[in-house]
Amino acid sequence: MTRYLITSALPYINGIKHLGNLVGSMLPADVYARFLRQKGEDVLFICATDEHGTPAELAALEKGQDVETFCTEQHEIQRSIYERFGLSFDHFGRSSSERNTELTQHFCKKLTENGYIEERTIKQVYSVDDGRFLPDRYIVGTCPHCGYEAARGDQCENCTRVLDPTDLINPRSAVSGSSNLEIRDSKHLFLKLPELEGKISAFIDEHEAEWPVVVTSIARKWLKEGLRERCITRDLKWGIPVPADGFDGKVFYVWFDAPIEYIAATREWADKAPSERDWKSWWYDAKDVRYVEFMAKDNIPFHTIMFPATLLGSEEPWKKVDYIKGFNWLTFYGGKFSTSQKRGIFTNQALEEFPADYWRYWLMANAPENSDSSFTFSSFSGMINKDLNDVLGNFVNRVLKMTAGKFSPAVPEGGEWGELENEFVKTLSTRIADYTKYMQAMEFRKATAELRAVWVEGNNYLTAAAPWTVIKEDREKAAMILRLALNLIRVYAVLSAPVIPNASKDMLSLLNLNDPDMAWIGEDTASALQMLKPGHAFNVPEKPIFNKIMPETVAELCARYGADPEAE
RNA sequence: CGCGGGAUGGAGCAGUCCGGUAGCUCGUCAGGCUCAUAACCUGAAGGUCGUGAGGUUCAAAUCCCACUCCCGCACCCA
């Protein structure tokens with residue numbers, strides 16, 4: 001049987017991520033993983049923090065911490081947030097782990113043996129006062145073309161010209177402002193991508209028909225422009241040491257070791273129970289594994305070109321990705337999420353405002369799959385109020401209250417399905433089949449819309465069956481209708497669980513199902529709708545399972561998060 | 001001629017690959033129901049699909065051509 005390996009792009013360590021980050025990788029990966037698990041598939045869902053690189057060092061510096069302490073702390077902060085969002089990682093690792101060090105060095109060794117790595121000496125800017133080499137973007141100065149005073153070493157943001165740090169007039173360190181800079185020779189390793197181009201290109205061709213447009217178009221663009229040797233080492237202290245002579249004090253470029261952490265994190269996972277977990281079977285010569293990666297579009301070149309190059313160049317049978325689910329950007333009121341301008345919502349703030357499921361539902365219903373999509377509080381409150389509260393929440397509430405009121409807080413007995421019920425089951429089955437199809441295909445917007453349609457069917461059925469009228473004439477028939485409706489709540493809980501796992505639990509606990517069977521609802525909808533037997537007691541809700549978001553609240557949120565309601 | 005993604009009723013989207021006179025959700029208006037959270041159900045109004053009195057075709061939102069506008073890639077950041 002096929003096993004499913006799922007990875008989400010690794011969130012970078014330097015700070016708390018915002019909603020765009022969540023929807024572009026971790027959340028959809030989680031929904032997919034949960035769905036497959038409920039289908040009874042063997043799933044391994046892996047993620048980790050991406051901890052190396054200059055931004056991490058600088059963020060630590062700013063906080064007055066050493067980088068290792070900083071990363072440990074930030075890792076824990078992120079891990080806890082994701083846990084509260086209900087992200088069901090089998091393992092959430094760290095790219096600074098020992099396992100990643102071993103594997104990254106292993107790949108470097110293999111690539112060297114196979115002739116895909118070349119040593120070169122390049123000139124680098126060294127800041128004497130900072131005691132470190134500076135990457136291009138951390139050198140600022142005056143642009144020789146337009147006179148802009150805060151041009152960066154890689155590009156002038158004012159006139160958009162691409163620059164070399166040596167072009168800058170009055171160059172200085174962006175870290176300390178010191179202008180005590182020197183050019184020093186430094187030895188580095190380069191990955192010879194041009195020599196792997198054929199293999200990479202063939203690898204992309206193989207998947208071109210199946211992968212989303214956003215993925216293949218970005219990959220093709222890189223190939224079209226021609227691959228170049230890429231420097232995979234850096235003059236930094238924080239990172240994975242380069243295991244080569246004369247490379248003391250140098251580490252790998254963060255983008256070289258980060259994807260390898262997918263494999264390393266799987267080892268970390270196996271290390272926790274070595275007798276029953278076989279990391280290698282997931283990654284090495286793993287013919288029965290289907291590997292799916294989730295990421296936002298900025299990550300695509302690294303996952304379609306760089307990481308495959310590493311794996312292909314090793315000339316070992318490492319598992320390569322089978323499907324890449326790429327996402328566009330989520331924008332905030334049409335503009336970018338911005339840390340510096342405090343625009344947008346960060347994951348920790350989101351959880352302080354509303355339960356995780358509200359965010360999960362909106363984000364999946366509006367996932368930026370085919371183009372960028374925009375977050376607004378009015379859209380958010382609209383969907384939460386209408387879909388979660390009115391359609392689903394109210395259904396649960398009305399059924400439980402009506403049954404308890406007209407009968408007792410237990411599944412009522414008597415009556416048999418008639419024509420209406422058979423028709424309803426048929427309609428519902430079709431809807432569920434479509435929902436399942438979209439989930440399988442990772443078409444999350446369509447899946448969420450179909451899930452909503454499944455909920456609506458319940459209200460439709462109640463209107464048609466009208467148990468509140470029927471009961472006056474035929475108590476048994478009313479019992480049958482409500483029994484079906486109660487079973488429907490269970491079916492909804494099962495089907496909704498991948499998207500809104502907590503609300504799903506709430507529904508199940510209202511039904512007194514504390515160790516519920518979460519098996520996916522397949523062909524046999526009819527028996528799924530008869531699982532709850534007459535006499536099974538349930539709880540009457542004291543309050544709705546969702547709360548509406550009032551217009552005043554929306555206005556407040558807009559003000560607090562710098563959103564301009566007019567700009568919608 | 002930088003690259004890529006878009007342009008469909010008031011808003012957000014589907015349909016475009018495999019052409020046959022447009023579908024969904026929200027909103028609006030009217031009606032129904034009364035079990036439920038001013039909730040649910042039904043119906044209606046509203047678009048000719050960015051522009052070109054362009055091309056192909058019996059037929060184009062859907063294929064071809066030209067153009068326009070928007071968004072992203074250039075502080076931060078995914």
Side-chain angles (χ1 to χ4, degrees), chain A residues 9-12 14-15 17-26 50 55 137 140 148 150-152 154-163 174 209 213-214 216-218 220-222 224-225 295-300 326-331 334-344 365-366 368-374 376 378-379 381-383 385-387 389-391 393-406 443 445-446 448-450 452-453 455-456 458-471 478 481-482 485 541 543-548 568:
Chain A
L10 308 185
Y12 196 66
N14 68 340
K17 304 292 109 179
H18 49 61
L19 291 179
N21 201 313
L22 190 66
V23 73
S25 53
M26 294 177 277
D50 173 13
R137 54 188 286 220
V140 294
Y148 181 64
R152 300 194 316 183
D154 51 353
Q155 186 166 36
C156 171
E157 75 186 64
N158 189 48
C159 68
T160 77
R161 290 214 212 201
V162 176
L163 303 172
V213 191
V214 65
T216 50
S217 69
I218 291 175
R220 228 182 301 126
K221 183 191 164 196
W222 274 57
K224 206 172 72 190
E225 288 172 355
M295 69 198 67
K297 59 186 171 186
D298 63 306
N299 269 272
I300 290 171
F327 288 88
N328 291 285
W329 305 130
L330 178 71
T331 60
K336 293 165 90 179
F337 275 87
S338 164
T339 312
S340 50
Q341 289 168 32
K342 297 192 172 159
R343 270 175 62 85
N366 295 283
E369 291 178 301
N370 297 320
S371 59
D372 294 353
S373 67
S374 177
T376 66
S378 71
S379 164
S381 67
M383 284 195 112
N385 293 348
K386 192 70 200 169
D387 296 3
N389 197 70
D390 295 352
V391 175
N394 179 53
F395 177 81
V396 172
N397 199 58
R398 73 195 289 207
V399 169
L400 294 176
K401 282 199 173 161
M402 189 182 352
T403 309
K406 307 279 186 191
E443 294 198 53
R445 272 174 180 253
K446 289 180 181 173
T448 313
E450 204 57 38
R452 180 188 190 282
W455 297 336
V456 168
N459 285 315
N460 269 327
Y461 170 70
L462 279 190
T463 303
W468 49 86
T469 307
V470 167
I471 195 165
I481 294 166
L482 290 172
K543 53 181 191 212
I545 53 177
F546 300 105
N547 294 304
K548 288 209 185 202
E568 287 177 36

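Lettering of chains follows the sequences in order, A, B, ..., and the numbering in each one begins at 1.
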For a quick check of understanding: with a heavy-atom distance under 4.0 Å over all strands, which category does A:Tyr12 fall into, base, sugar-phosphate or nothing? sugar-phosphate
Rounded to whole angstrom units, what separation is found between the CG atom of A:Asn547 and the P atom of B:rU37? 13 Å
I'd like the C1' distance from B:rG50 over to B:rG6, given in whole Å. 11 Å
Sugar-phosphate only, base, or nothing, as touched by A:Pro467 at under 4.0 Å among non-hydrogen atoms: nothing
Ignoring hydrogens, what is the shortest heavy-atom contact between A:Trp329 and A:Ala296? Give both atom names and the distance. CZ3-CB, 3.7 Å
Taking C-beta and beyond as the side chain, do A:Arg445 and A:Asn370 meet within less than 4.5 Å on heavy atoms? no
Gap between atoms CG and P, on A:Asp390 and B:rU34 respectively (whole Å): 20 Å
Side-chain contact, heavy-atom cut-off 4.5 Å: A:Leu462 with A:Phe395? yes
What is the minimum heavy-atom distance between A:Asn389 and A:Phe546, and which atoms define it? OD1-O, 2.9 Å
Where the side chain of A:Asn459 is defined as all heavy atoms beyond and including C-beta, which of B:rU42, B:rU25, B:rC40 is the nearest nucleotide? B:rC40
Check every atom of B:rC13, B:rC40, B:rU37 against the side chain of A:Arg398 and return the nucleotide holding the closest atom. B:rC40
Of the candidates B:rU37, B:rC26, B:rC13, the side chain of A:Ser373 sits closest to B:rC13
Taking the side chain as every heavy atom from C-beta outward, state whether A:His18 and A:Leu330 have any pair of such atoms under 4.5 Å apart. no
Correct closest heavy-atom pair for A:Met295 and A:Ala9 would be CB-CB, 3.9 Å
Euclidean distance for C1', B:rC18 against B:rU62 (whole angstrom): 11 Å
Could you let me know what B:rU25 is paired to, Watson-Crick or G-U wobble, both distances under 3.5 Å, or none if it's on its own? B:rA11
Taking the same atom, C1', in B:rC33 and in B:rG72, what whole-Å distance lies between them? 49 Å
B:rG54 and B:rC67, which share atom name C1', separated by this distance in whole Å: 11 Å
Give none if B:rG31 has no partner; otherwise give the nucleotide forming a Watson-Crick or G-U wobble pair with it, both distances under 3.5 Å. B:rC41
Watson-Crick or G-U wobble partner for B:rG4, using a 3.5 Å limit on both distances? B:rC71
In whole angstrom, give the distance that lies between atom CG of A:Asn299 and atom P of B:rC73. 15 Å
A:Arg452 CZ to B:rG12 P, in whole Å, measures 18 Å
Would you mind classifying the nucleic acid contact of A:Asn370 as base, sugar-phosphate or nothing, using non-hydrogen atoms under 4.0 angstrom? sugar-phosphate
Would you measure the distance from the C1' atom in B:rC70 across to the matching atom in B:rU34 and give it in whole Å? 48 Å
Using a 4.0 Å heavy-atom cut-off, does A:Gly393 contact any base of the nucleic acid, only the sugar-phosphate backbone, or nothing at all? base
Among B:rG5, B:rU34, B:rG12, which nucleotide has an atom closest to any side-chain atom of A:Thr469? B:rU34
Is any side-chain N or O of A:Asn14 closer than 4.0 Å to OP1 or OP2 of B:rC77? yes
Give A:Lys446 one of three labels, base, sugar-phosphate or nothing, depending on what nucleic acid heavy atoms sit under 4.0 Å from its own. sugar-phosphate
Have a look at A:Asn394 and say if it touches a base, only the backbone sugar-phosphate, or nothing, with a 4.0 Å heavy-atom cut-off. base
What is the nucleic acid contact for A:Leu330, judged by heavy atoms within less than 4.0 Å: base, sugar-phosphate only, or nothing? base
Counting any heavy atom closer than 4.0 Å, what does A:Val399 reach on the DNA or RNA strands: base, sugar-phosphate only, or nothing? nothing
Heavy atoms, side chains only, cut-off 4.5 Å: are A:Thr448 and A:Arg452 in contact? no
Find the distance A:Asp372:CG to B:rC71:P and express it as a whole number of Å. 11 Å
Closest non-hydrogen atom pair, A:Gly393 against A:Ile545: CA-CG1, 4.0 Å
For B:rA61, the nucleotide meeting Watson-Crick or G-U wobble distances (both under 3.5 Å) is none
Pairwise P distance, B:rU48 and B:rC58 [rounded to whole Å]: 27 Å
Just to be sure I understand the rule, does A:Asp387 reach a base, reach only the sugar-phosphate, or reach nothing, if contact means heavy atoms closer than 4.0 Å? nothing
Once hydrogens and angles are ignored, does a donor-acceptor distance under 3.5 Å link the base of B:rU37 to the side chain of A:Asn397? no
Under 4.0 angstrom between A:Lys297 side-chain N/O and B:rC77 OP1 or OP2: no
d(CH2, A:Trp329; P, B:rC77) in whole Å: 12 Å
Whole-Å gap separating C1' (B:rC73) and CG (A:Asn328): 12 Å
Rounding to a whole Å, what distance do you find between A:Ile481:CD1 and B:rC40:P? 20 Å
Can you identify which nucleotide, out of B:rG12, B:rU37, B:rG5, has its nearest atom closest to the A:Pro544 side chain? B:rU37
RNA chain B nearest-nucleotide lookup for A:Thr463 and A:Met383: closer to the 5′ end is A:Met383
I'd like the P distance from B:rG23 over to B:rA30, given in whole Å. 25 Å
Identify the nucleotide, in any strand shown, that forms a Watson-Crick or G-U wobble pair with B:rC76, with both distances under 3.5 Å; if there is none, say none. none
If you measure from the C1' atom in B:rA38 to the same atom in B:rA44, how many Å do you get, rounded? 22 Å
Heavy-atom distance under 4.5 Å between the side chains of A:Asn328 and A:Ser373, does that happen here? no
For A:Glu443 and A:Trp468, take the nucleotide of RNA chain B holding the closest heavy atom to each; which residue's nucleotide lies nearer the 5' end? A:Glu443
With respect to the phosphate group of B:rG4, does any side-chain polar atom (N or O) of A:Arg220 fall under 4.0 Å of OP1 or OP2? no
